[in-house]
Number of protein chains: 2
Amino acid sequence: MDKKAPKKHDESLDPEFLASVCKALGHPARVSIMQFLRNTDHCICGEIVELLPLAQSTVSQHLKCLKDAGLIKGEIEGPRTCYCVNKDILNKFLQMAGAL
Amino acid sequence: MDKKAPKKHDESLDPEFLASVCKALGHPARVSIMQFLRNTDHCICGEIVELLPLAQSTVSQHLKCLKDAGLIKGEIEGPRTCYCVNKDILNKFLQMAGAL
DNA sequence: CTGGTTTATCGTAATTAAACGATAAGAGAA
DNA sequence: TTCTCTTATCGTTTAATTACGATAAACCAG
(Lines give C-alpha, C1' and ligand atoms only; values in the text may rest on other atoms or scores of the structure.)
Protein backbone atom coordinates (compact mmCIF):
# COMPACT_ATOMS: atom_id res chain seq x y z
CA MET A 1 0.00 0.00 0.00
CA ASP A 2 2.98 2.26 0.29
CA LYS A 3 4.93 3.59 -2.60
CA LYS A 4 8.18 1.91 -1.74
CA ALA A 5 9.40 -0.88 0.42
CA PRO A 6 6.94 -3.52 -0.60
CA LYS A 7 7.69 -5.83 2.26
CA LYS A 8 9.81 -3.92 4.69
CA HIS A 9 9.00 -5.63 7.92
CA ASP A 10 10.33 -3.12 10.44
CA GLU A 11 13.89 -4.17 10.86
CA SER A 12 14.09 -2.22 14.08
CA LEU A 13 12.29 -5.05 15.81
CA ASP A 14 13.58 -7.84 13.65
CA PRO A 15 14.72 -10.61 15.96
CA GLU A 16 16.85 -12.05 13.18
CA PHE A 17 19.14 -9.08 13.05
CA LEU A 18 19.64 -8.75 16.78
CA ALA A 19 20.15 -12.49 17.12
CA SER A 20 22.74 -12.59 14.36
CA VAL A 21 24.79 -9.82 15.94
CA CYS A 22 24.47 -11.36 19.39
CA LYS A 23 25.52 -14.69 18.02
CA ALA A 24 28.65 -13.10 16.62
CA LEU A 25 29.37 -11.63 20.05
CA GLY A 26 28.61 -14.93 21.73
CA HIS A 27 32.21 -16.01 22.10
CA PRO A 28 34.79 -14.61 24.52
CA ALA A 29 37.46 -14.35 21.84
CA ARG A 30 35.21 -12.26 19.63
CA VAL A 31 34.21 -10.00 22.49
CA SER A 32 37.88 -9.49 23.24
CA ILE A 33 38.53 -8.59 19.64
CA MET A 34 35.78 -5.98 19.72
CA GLN A 35 37.09 -4.52 22.97
CA PHE A 36 40.59 -4.40 21.53
CA LEU A 37 39.47 -2.70 18.34
CA ARG A 38 37.54 -0.18 20.39
CA ASN A 39 40.53 0.66 22.56
CA THR A 40 43.00 1.03 19.74
CA ASP A 41 40.72 3.10 17.55
CA HIS A 42 43.21 2.42 14.82
CA CYS A 43 42.57 -0.52 12.62
CA ILE A 44 44.76 -3.45 13.52
CA CYS A 45 45.28 -6.90 12.09
CA GLY A 46 48.04 -9.30 13.05
CA GLU A 47 48.25 -7.90 16.54
CA ILE A 48 44.98 -9.58 17.29
CA VAL A 49 46.61 -12.91 16.68
CA GLU A 50 49.25 -12.11 19.29
CA LEU A 51 46.61 -10.90 21.68
CA LEU A 52 44.73 -14.17 21.82
CA PRO A 53 45.90 -17.64 22.83
CA LEU A 54 44.62 -19.08 19.59
CA ALA A 55 46.05 -20.24 16.32
CA GLN A 56 46.20 -17.76 13.47
CA SER A 57 43.65 -19.66 11.46
CA THR A 58 41.24 -19.67 14.35
CA VAL A 59 41.57 -15.95 14.85
CA SER A 60 41.00 -15.39 11.17
CA GLN A 61 37.85 -17.45 11.46
CA HIS A 62 36.59 -15.33 14.34
CA LEU A 63 37.33 -12.17 12.38
CA LYS A 64 35.35 -13.52 9.48
CA CYS A 65 32.48 -14.24 11.83
CA LEU A 66 32.46 -10.65 13.09
CA LYS A 67 32.74 -9.35 9.56
CA ASP A 68 29.86 -11.49 8.33
CA ALA A 69 27.72 -10.07 11.11
CA GLY A 70 28.70 -6.58 9.97
CA LEU A 71 30.34 -5.65 13.26
CA ILE A 72 33.73 -4.99 11.74
CA LYS A 73 35.11 -3.90 8.42
CA GLY A 74 38.32 -5.21 6.89
CA GLU A 75 40.54 -3.32 4.55
CA ILE A 76 43.38 -4.84 2.63
CA GLU A 77 46.49 -2.72 2.97
CA GLY A 78 49.29 -4.19 1.01
CA PRO A 79 50.08 -7.62 2.30
CA ARG A 80 48.04 -7.22 5.46
CA THR A 81 44.49 -6.59 6.49
CA CYS A 82 43.28 -3.88 8.80
CA TYR A 83 40.10 -4.23 10.76
CA CYS A 84 38.00 -1.61 12.43
CA VAL A 85 34.63 -1.43 14.12
CA ASN A 86 31.61 -0.75 11.92
CA LYS A 87 29.93 1.84 14.07
CA ASP A 88 26.73 1.88 12.07
CA ILE A 89 25.96 -1.73 12.81
CA LEU A 90 27.25 -1.48 16.34
CA ASN A 91 24.98 1.46 17.07
CA LYS A 92 22.03 -0.26 15.52
CA PHE A 93 22.75 -3.25 17.68
CA LEU A 94 22.97 -1.11 20.81
CA GLN A 95 19.73 0.59 19.95
CA MET A 96 17.88 -2.68 19.46
CA ALA A 97 19.41 -4.19 22.57
CA GLY A 98 18.39 -1.14 24.52
CA ALA A 99 14.81 -1.73 23.48
CA LEU A 100 14.84 -5.01 25.34
CA MET B 1 45.74 -6.48 49.04
CA ASP B 2 42.28 -5.11 49.47
CA LYS B 3 40.07 -5.93 52.36
CA LYS B 4 37.47 -7.76 50.34
CA ALA B 5 37.15 -9.35 46.97
CA PRO B 6 40.32 -11.40 46.93
CA LYS B 7 40.27 -12.05 43.22
CA LYS B 8 37.75 -9.74 41.73
CA HIS B 9 39.00 -9.39 38.21
CA ASP B 10 36.92 -6.46 37.05
CA GLU B 11 33.85 -8.16 35.82
CA SER B 12 32.85 -5.00 34.01
CA LEU B 13 35.28 -5.89 31.26
CA ASP B 14 35.01 -9.64 31.51
CA PRO B 15 34.53 -10.96 28.00
CA GLU B 16 33.16 -14.19 29.43
CA PHE B 17 30.12 -12.55 30.92
CA LEU B 18 29.24 -10.47 27.90
CA ALA B 19 29.80 -13.42 25.60
CA SER B 20 27.58 -15.70 27.65
CA VAL B 21 24.70 -13.24 27.62
CA CYS B 22 25.15 -12.57 23.92
CA LYS B 23 25.23 -16.26 23.23
CA ALA B 24 21.89 -16.63 24.97
CA LEU B 25 20.51 -13.85 22.79
CA GLY B 26 22.04 -15.39 19.70
CA HIS B 27 18.90 -17.10 18.50
CA PRO B 28 15.83 -15.43 16.97
CA ALA B 29 13.43 -17.40 19.13
CA ARG B 30 15.15 -16.25 22.30
CA VAL B 31 15.22 -12.65 21.16
CA SER B 32 11.50 -12.89 20.45
CA ILE B 33 10.91 -14.25 23.92
CA MET B 34 12.78 -11.33 25.46
CA GLN B 35 10.85 -8.83 23.36
CA PHE B 36 7.60 -10.46 24.30
CA LEU B 37 8.40 -10.46 28.01
CA ARG B 38 9.38 -6.83 27.76
CA ASN B 39 6.13 -5.85 26.09
CA THR B 40 3.85 -7.74 28.41
CA ASP B 41 5.57 -6.55 31.54
CA HIS B 42 3.60 -9.24 33.27
CA CYS B 43 5.24 -12.57 33.66
CA ILE B 44 3.94 -15.04 31.15
CA CYS B 45 4.52 -18.73 30.57
CA GLY B 46 2.52 -20.93 28.23
CA GLU B 47 1.67 -18.06 25.97
CA ILE B 48 5.23 -18.10 24.78
CA VAL B 49 4.68 -21.56 23.39
CA GLU B 50 1.73 -20.29 21.35
CA LEU B 51 3.73 -17.33 20.21
CA LEU B 52 6.45 -19.33 18.55
CA PRO B 53 6.26 -21.92 15.79
CA LEU B 54 8.15 -24.41 17.88
CA ALA B 55 7.37 -27.47 19.93
CA GLN B 56 6.72 -27.01 23.61
CA SER B 57 9.86 -28.88 24.56
CA THR B 58 11.94 -26.69 22.32
CA VAL B 59 10.52 -23.53 23.82
CA SER B 60 11.18 -24.86 27.29
CA GLN B 61 14.76 -25.45 26.24
CA HIS B 62 15.13 -21.87 25.04
CA LEU B 63 13.66 -20.60 28.28
CA LYS B 64 16.17 -22.64 30.22
CA CYS B 65 18.92 -21.16 28.12
CA LEU B 66 17.81 -17.62 28.93
CA LYS B 67 17.44 -18.51 32.58
CA ASP B 68 20.91 -20.04 32.75
CA ALA B 69 22.32 -16.85 31.32
CA GLY B 70 20.49 -14.92 34.03
CA LEU B 71 18.40 -12.91 31.59
CA ILE B 72 15.08 -14.14 32.92
CA LYS B 73 13.71 -15.42 36.18
CA GLY B 74 11.13 -18.20 36.49
CA GLU B 75 8.63 -18.54 39.26
CA ILE B 76 6.44 -21.55 39.80
CA GLU B 77 2.85 -20.50 40.34
CA GLY B 78 0.67 -23.46 40.95
CA PRO B 79 0.76 -25.76 37.98
CA ARG B 80 2.42 -23.22 35.72
CA THR B 81 5.61 -21.22 35.53
CA CYS B 82 5.85 -17.49 35.13
CA TYR B 83 8.84 -15.86 33.58
CA CYS B 84 9.98 -12.29 33.74
CA VAL B 85 13.03 -10.31 32.71
CA ASN B 86 15.88 -10.04 35.19
CA LYS B 87 16.57 -6.37 34.88
CA ASP B 88 19.78 -6.47 36.88
CA ILE B 89 21.48 -8.75 34.43
CA LEU B 90 19.91 -7.06 31.45
CA ASN B 91 21.17 -3.68 32.57
CA LYS B 92 24.61 -5.05 33.25
CA PHE B 93 24.61 -6.50 29.76
CA LEU B 94 23.52 -3.19 28.23
CA GLN B 95 26.20 -1.36 30.14
CA MET B 96 28.94 -3.69 28.97
CA ALA B 97 27.65 -3.70 25.42
CA GLY B 98 27.58 0.07 25.45
CA ALA B 99 31.26 0.05 26.31
CA LEU B 100 32.00 -1.58 23.00
C1' DC C 1 62.06 -14.25 -10.42
C1' DT C 2 62.81 -15.94 -5.59
C1' DG C 3 62.00 -15.69 -0.83
C1' DG C 4 59.75 -13.94 3.27
C1' DT C 5 55.64 -12.05 5.48
C1' DT C 6 50.83 -11.85 6.22
C1' DT C 7 46.29 -13.45 5.99
C1' DA C 8 42.49 -16.38 4.20
C1' DT C 9 40.78 -20.79 3.15
C1' DC C 10 40.59 -25.97 3.12
C1' DG C 11 40.06 -30.28 5.37
C1' DT C 12 39.13 -32.50 9.54
C1' DA C 13 38.01 -33.92 14.32
C1' DA C 14 35.66 -32.95 18.61
C1' DT C 15 32.31 -30.49 20.93
C1' DT C 16 28.02 -28.07 21.32
C1' DA C 17 23.38 -26.49 19.85
C1' DA C 18 18.72 -27.09 17.98
C1' DA C 19 14.74 -29.53 17.27
C1' DC C 20 11.45 -33.10 18.07
C1' DG C 21 8.51 -36.74 20.36
C1' DA C 22 7.90 -39.19 24.46
C1' DT C 23 7.77 -39.19 29.19
C1' DA C 24 7.88 -37.64 33.99
C1' DA C 25 6.64 -34.48 37.69
C1' DG C 26 3.71 -31.20 39.96
C1' DA C 27 -0.73 -28.86 41.08
C1' DG C 28 -5.78 -28.55 41.06
C1' DA C 29 -10.42 -30.23 39.81
C1' DA C 30 -13.75 -33.78 39.88
C1' DT D 1 -7.74 -41.14 44.21
C1' DT D 2 -7.90 -40.22 39.43
C1' DC D 3 -7.87 -37.19 35.54
C1' DT D 4 -6.35 -33.14 33.30
C1' DC D 5 -3.41 -29.40 32.51
C1' DT D 6 1.12 -27.34 32.42
C1' DT D 7 5.96 -27.50 32.22
C1' DA D 8 10.53 -29.73 32.59
C1' DT D 9 13.51 -33.32 31.32
C1' DC D 10 15.20 -37.46 28.65
C1' DG D 11 16.82 -39.57 24.54
C1' DT D 12 17.93 -39.00 19.93
C1' DT D 13 19.09 -37.09 15.40
C1' DT D 14 20.83 -33.56 12.60
C1' DA D 15 23.30 -29.45 11.96
C1' DA D 16 26.51 -25.89 13.36
C1' DT D 17 30.70 -24.27 16.01
C1' DT D 18 35.28 -24.41 17.45
C1' DA D 19 39.81 -25.48 16.98
C1' DC D 20 43.91 -26.92 14.64
C1' DG D 21 47.55 -27.76 11.01
C1' DA D 22 48.43 -27.44 6.26
C1' DT D 23 48.07 -24.99 2.23
C1' DA D 24 47.09 -21.26 -0.95
C1' DA D 25 47.03 -16.42 -2.29
C1' DA D 26 48.67 -11.75 -2.28
C1' DC D 27 52.09 -8.42 -1.68
C1' DC D 28 56.98 -6.42 -1.13
C1' DA D 29 62.00 -6.75 -0.78
C1' DG D 30 65.99 -8.22 -2.65
Side-chain angles (χ1 to χ4, degrees), chain A residues 14-37 40 42-86, chain B residues 14-37 40 42-86:
Chain A
D14 186 10
E16 301 278 350
F17 171 77
L18 183 53
S20 77
V21 175
C22 283
K23 191 173 183 179
L25 290 174
H27 192 287
R30 294 194 289 266
V31 169
S32 295
I33 290 171
M34 291 298 289
Q35 290 174 338
F36 181 70
L37 286 179
T40 59
H42 270 127
C43 295
I44 302 289
C45 62
E47 300 183 52
I48 299 171
V49 175
E50 294 180 3
L51 178 74
L52 299 170
L54 294 170
Q56 178 269 324
S57 59
T58 305
V59 172
S60 195
Q61 213 168 239
H62 283 306
L63 287 168
K64 177 170 165 41
C65 182
L66 289 170
K67 207 173 87 178
D68 287 345
L71 280 167
I72 62 176
K73 287 183 280 193
E75 247 177 73
I76 298 171
E77 283 192 1
R80 62 206 80 194
T81 310
C82 260
Y83 288 98
C84 59
V85 175
N86 184 344
Chain B
D14 186 11
E16 302 276 350
F17 171 76
L18 183 53
S20 76
V21 174
C22 284
K23 192 173 184 179
L25 290 174
H27 192 287
R30 294 194 289 266
V31 169
S32 296
I33 290 172
M34 291 297 289
Q35 290 173 339
F36 181 69
L37 287 179
T40 60
H42 272 127
C43 295
I44 302 287
C45 61
E47 300 184 52
I48 299 170
V49 174
E50 294 180 4
L51 178 74
L52 299 171
L54 294 170
Q56 176 270 324
S57 58
T58 306
V59 173
S60 196
Q61 212 168 239
H62 284 306
L63 287 167
K64 177 170 164 41
C65 183
L66 288 170
K67 209 173 84 177
D68 287 346
L71 279 167
I72 63 176
K73 287 183 281 193
E75 247 179 73
I76 299 173
E77 282 192 2
R80 61 207 81 194
T81 310
C82 260
Y83 288 98
C84 60
V85 175
N86 184 344

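A, B, ... follow the sequence lines: proteins, then strands. Residue 1 opens every chain.
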Take atom [atom1] of [X] and atom [atom2] of [N], then tell me their distance rounded to the nearest Å.
X       : N      : atom1 : atom2 : value
A/Ile76 : D/dC27 : CD1   : P     : 7 Å
A/Ile48 : C/dA8  : CD1   : P     : 9 Å
A/Lys67 : C/dA8  : NZ    : P     : 7 Å
B/Glu50 : D/dC5  : CD    : P     : 14 Å
A/Leu63 : D/dA19 : CG    : C1'   : 15 Å
B/Lys64 : D/dT6  : NZ    : P     : 23 Å
B/Glu75 : D/dT7  : CD    : C1'   : 15 Å
A/Leu25 : D/dT17 : CG    : P     : 14 Å

Quick one: which protein N/O atoms are closer than 3.5 Å to N/O atoms of nucleotides 28-30 of chain C? Pair and distance per line, please.
none

For [X], all residues meeting side-chain contact (heavy atoms from CB on, under 4.5 Å), sequence neighbours excluded:
X       : answer
B/His27 : B/Ala29, B/Arg30, B/His62
B/Thr81 : B/Ile76, B/Tyr83
A/Ser60 : A/Gln56
A/Glu77 : A/Glu75, A/Cys82

Legend entry - Letter per nucleotide, 5' to 3', of nucleotides 18-24 of chain C [B base touched, S only sugar-phosphate touched, - untouched; heavy atoms, 4.0 Å]: SBBBB--

Inset, instruction - May I have all residue pairs that pass salt bridge (charged side-chain N to carboxylate O under 4.0 Å, His left out) and include part of residues 58-68 of chain B, sequence neighbours excluded? - result: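 Checked against salt bridge (charged side-chain N to carboxylate O under 4.0 Å, His left out) - neighbours excluded - the pairs reaching residues 58-68 of chain B are B/Lys64-B/Asp68.
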
With a 4.5 Å cut-off on side-chain heavy atoms, are [Y] and [X] touching?
X       : Y       : value
A/Ile33 : A/Leu37 : yes
B/Met34 : B/Ile72 : yes
A/Ser32 : A/Leu52 : yes

Inset, instruction - Determine the contact category for B/Thr81: base if any of its heavy atoms lies under 4.0 Å from a base atom, sugar-phosphate if only primed atoms, P, OP1 or OP2 are that close, otherwise nothing. - result: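 The residue B/Thr81 makes sugar-phosphate contact but no base contact.
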
Inset, instruction - Give a yes/no on whether any side-chain N or O of A/Tyr83 is located under 4.0 angstrom from OP1 or OP2 of C/dT6. - result: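 No, because none of the side-chain N or O atoms of A/Tyr83 sits under 4.0 Å from OP1 or OP2 of C/dT6.
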
Legend entry - Contact summary for A/Pro28 and B/Ala19, nearest pair of heavy atoms: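 Between these two residues, the closest heavy atoms are N-CB, 3.4 Å.
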
